[in-house]
Asks: 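The structure is given below, and queries will be raised subsequently.
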2 protein chains.
Amino acid sequence: MLTQSLAFTTLTGNAMAPARAERHEPRSLQEHLAAAPLRKIEAKQNVFAEGDRSTHIYRVESGAISLHRIMPDGRRQILGFAYPGDVIGLGASELHRFHAQAVKPTQLRCLRRSLTDSVARVDPEFGQELFHALSLDLAAAHDLLLSTGQRSATERIATFLLAMSRRNQRHNRSATNIDLPMTRADIGDFLGITIETVSRTFTKLRQLGIIDLAQSTSVRILDIEELEQLAEGAQ
Amino acid sequence: MLTQSLAFTTLTGNAMAPARAERHEPRSLQEHLAAAPLRKIEAKQNVFAEGDRSTHIYRVESGAISLHRIMPDGRRQILGFAYPGDVIGLGASELHRFHAQAVKPTQLRCLRRSLTDSVARVDPEFGQELFHALSLDLAAAHDLLLSTGQRSATERIATFLLAMSRRNQRHNRSATNIDLPMTRADIGDFLGITIETVSRTFTKLRQLGIIDLAQSTSVRILDIEELEQLAEGAQ
DNA sequence: CGACGGGTTGAGCTACCTCAACCCTGGTGG
DNA sequence: CCACCAGGGTTGAGGTAGCTCAACCCGTCG
């Protein structure tokens with residue numbers, strides 16, 4: 001399920017896999033994570049809070065996490081959702097810059113920062129993997145900026161659904177049947193619109209025959225071309 | 001002017017500075033950049049475009065660069081501005097994900113990716129510096145998301161001016177006299193509002209006695225406490 | 001059973017957008 | 001030297017997408 005480019009180490013002369021296996025020492029980020037302890041989190045529980053010391057990085061094994069910042073008056077911006085396979089808690093800062101909270105019961109692998117730091121200090125390949133993961137986060141933030149800064153409510157929802165669809169595809173799951181683990185409030189705070197607008201927009205897409213809403217948490221895309229049109233501003 | 005943590009290399013045994021100087025081989029990111037060739041760019045000219053091969057990273061020496069994406073119908077989201085000292089073109093992707101365009105005549109130091117890649121492959125400290133720079137970009141994107149997703153026009157402008165003020169302070173320049181090299185259109189496309197709203201908001205802040213606008217490109221903050229109030233939603 | 005959290009729908013409001021006129025400045029050319 | 005023009009900025013008037021407030025529905029849980 002995980003596409004992992006096996007890191008061939010530059011530190012040991014042993015190029016062959018058997019030699020590495022004998023050492024019993026994890027190497028790549030994914031290998032480290034596979035061996036890391038598992039932590040279980042209830043819905044609404046925090047993995048970490050903004051301002052907390054950044055002690056670990058985490059990989060989501062099951063469930064879903066919302067990453068968000070909260071303004072003094074309670075307004076909330078969700079910066080992203082982390083799903084199984086995603087790594088969270090990256091960043092060079094000593095302190096976490098946002099909250100990470102489970103939107104449903106979630107399992108995480110936890111890797112101490114002291115470990116990742118020291119491994120990265122001697123294994124550039126490992127550092128590259130962290131860099132790559134952070135680079136994906138930045139790309140996601142830029143994508144979201146395009147939505148919150150420029151797109152209409154309908155375009156935002158359409159873009160959001162398509163992103164979920166593409167993520168499903170990358171994980172060899174259905175491109176048309178989309179599970180939404182988060183609430184309407186979460187979607188609204190992610191896209192910068194209110195829950196009412198989220199709800200109305202879903203209803204509108206349903207009435208147009210573009211999606212089907214069996215339950216509020218389960219969307220089926222009926223007309224993906226039309227959804228793509230809507231995402232890029234066709235009215 | 002530049003705070004640079006001197007990288008002590010793990011590859012050579014020589015820990016002392018004199019030994020390093022003798023080698024005449026640049027080490028830290030800042031050292032590499034100081035030795036890199038200079039490129040001069042006219043206003044409105046592109047440093048690179050979205051989709052271009054990512055061949056170099058750049059450090060702005062003078063001027064200002066806008067980083068932005070453009071939608072098929074022409075809408076534009078500026079993801080950030082790069083000012084002297086900032087490094088642009090980072091990211092693990094083979095291709096650039098956005099346009100980089102000078103907003104006024106600009107000078108850049110250019111470092112080949114093939115070089116940074118190979119250095120990072122053997123010098124983890126150098127990789128850390130790249131990671132740190134990317135991490136700052138992500139934090140900036142998250143800050144902007146809070147504005148475009150949650151704040152009113154007045155709050156966005158206030159936040160924007162305060163960010164400029166704080167940047168000035170970090171560079172030992174005036175906290176109250178702010179130069180705006182970019183146009184109203186740039187500010188609008190950055191904050192997700194129209195040029196008219198930008199203009200009206202500046203006028204409103206001027207009428208409230210919070211700022212002074214000698215010219216349209218030069219803001220003087222008269223009441224920074226009040227500006228901070230406005231930035232976090234007072235009124 | 002009642003309470004509560006989450007979702008939907010309606011009615012009215014408003015912050016911001018759109019469209020348009022106008023101003024100012026700097027550069028160009030007659 | 002001045003007239004003209006183009007690009008950037010400001011201001012006004014009116015329109016509208018999305019917000020606010022409120023009612024209501026439904027499923028779950030104690």
Side-chain angles (χ1 to χ4, degrees), chain A residues 42-44 64 66 73-77 101-105 147-158 160 179-207 211-219 230 233-235, chain B residues 42-44 64 66 73-77 101-105 147-158 160 179-207 211-219 230 233-235:
Chain A
E42 293 307 309
K44 304 256 159 185
S66 87
D73 61 3
R75 281 177 284 178
R76 181 178 67 143
Q77 176 65 42
Q101 185 181 60
V103 303
K104 65 172 184 174
S147 275
T148 60
Q150 302 299 327
R151 289 195 243 257
S152 72
T154 307
E155 290 166 358
R156 292 181 206 196
I157 293 286
F160 171 66
D179 176 56
L180 299 177
M182 73 292 288
T183 67
R184 295 291 187 260
D186 291 332
I187 298 174
D189 288 349
F190 181 54
L191 299 177
I193 52 184
T194 60
I195 53 177
E196 294 94 331
T197 300
V198 173
S199 186
R200 278 187 247 271
T201 305
F202 275 127
T203 303
K204 176 179 149 193
L205 294 181
R206 179 169 48 70
Q207 287 169 347
I211 62 170
D212 184 34
L213 274 170
Q215 313 116 91
S216 67
T217 101
S218 158
V219 177
L230 282 183
Q235 204 273 124
Chain B
E42 293 307 309
K44 305 256 160 184
S66 88
D73 61 3
R75 279 176 285 178
R76 181 178 67 142
Q77 176 65 41
Q101 186 181 59
V103 303
K104 65 173 185 174
S147 275
T148 60
Q150 302 300 327
R151 289 194 242 256
S152 71
T154 307
E155 291 166 359
R156 292 181 207 196
I157 294 285
F160 172 66
D179 177 56
L180 299 177
M182 72 293 287
T183 66
R184 296 290 186 261
D186 291 332
I187 298 174
D189 287 349
F190 181 54
L191 299 177
I193 52 185
T194 60
I195 53 177
E196 294 95 331
T197 300
V198 173
S199 186
R200 278 187 247 271
T201 306
F202 275 127
T203 303
K204 175 178 149 194
L205 294 182
R206 179 169 50 70
Q207 288 170 345
I211 62 170
D212 184 33
L213 273 170
Q215 312 117 88
S216 67
T217 102
S218 158
V219 177
L230 282 183
Q235 195 277 122

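Every chain is numbered from 1, with letters handed out A, B, ... down the list of sequences.
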Asks: In whole angstrom, give the distance that lies between atom NZ of K204(B) and atom P of dC16(C).
Replies: 8 Å
Asks: Using whole Å, report how far CG of L213(B) lies from P of dC24(C).
Replies: 16 Å
Asks: What is the separation between atom CD1 on I195(B) and atom P on dT11(D), rounded to the nearest whole Å?
Replies: 13 Å
Asks: Contact between L205(B) and L230(B) at the side-chain level, heavy atoms closer than 4.5 Å - yes or no?
Replies: yes
Asks: With a non-hydrogen cut-off below 4.0 angstrom, is G188(A) in contact with a base, only sugar-phosphate, or nothing?
Replies: nothing
Asks: Check the phosphate of dC17(C) against T197(B), side-chain N and O only, distance under 4.0 Å to OP1 or OP2. Yes or no?
Replies: yes
Asks: Hey, is R184(B) close enough to D189(B) for a salt bridge, meaning N to O under 4.0 Å?
Replies: no
Asks: Grab the CD1-P distance between I157(B) and dG9(D) for me, whole Å please.
Replies: 12 Å
Asks: Quick one: is T203(B) getting a side-chain N or O under 4.0 Å of the dT11(D) phosphate, OP1 or OP2?
Replies: yes
Asks: Quickly work out the Q150(A) CD to dA17(D) P distance and round it to whole Å.
Replies: 17 Å
Asks: Check whether any side-chain nitrogen or oxygen of T194(A) sits under 4.0 Å from OP1 or OP2 of dC19(D), and answer yes or no.
Replies: yes
Asks: Can you check whether E155(B) reaches T201(B) side chain to side chain, under 4.5 Å on heavy atoms?
Replies: no
Asks: Using a 4.0 Å heavy-atom cut-off across all strands, classify I193(A) as base, sugar-phosphate, or nothing.
Replies: sugar-phosphate
Asks: Has K44(A) got a side-chain N or O lying under 4.0 Å from the OP1 or OP2 atom of dG6(C)?
Replies: yes
Asks: Decide yes or no for I187(A) and F202(A): does some side-chain heavy atom of the first lie under 4.5 Å from some side-chain heavy atom of the second?
Replies: yes
Asks: Mind checking whether V198(A) and L191(A) have side chains closer than 4.5 Å, heavy atoms only?
Replies: no
Asks: Kindly point out which of dA20(C), dG8(D), dG9(D) is positioned nearest to the side chain of E196(B)?
Replies: dA20(C)
Asks: Can you tell me the distance, in whole Å, between the CZ atom of R200(B) and the P atom of dA21(C)?
Replies: 15 Å
Asks: Let me know the distance between CG of L180(A) and C1' of dG7(C), rounded to the nearest Å.
Replies: 13 Å
Asks: Nearest whole Å is fine: how far is dT20(D) P from D73(A) CG?
Replies: 11 Å
Asks: Can you tell me which nucleotide in dT8(C), dT10(D), dG18(D) comes closest to the side chain of R184(A)?
Replies: dT8(C)
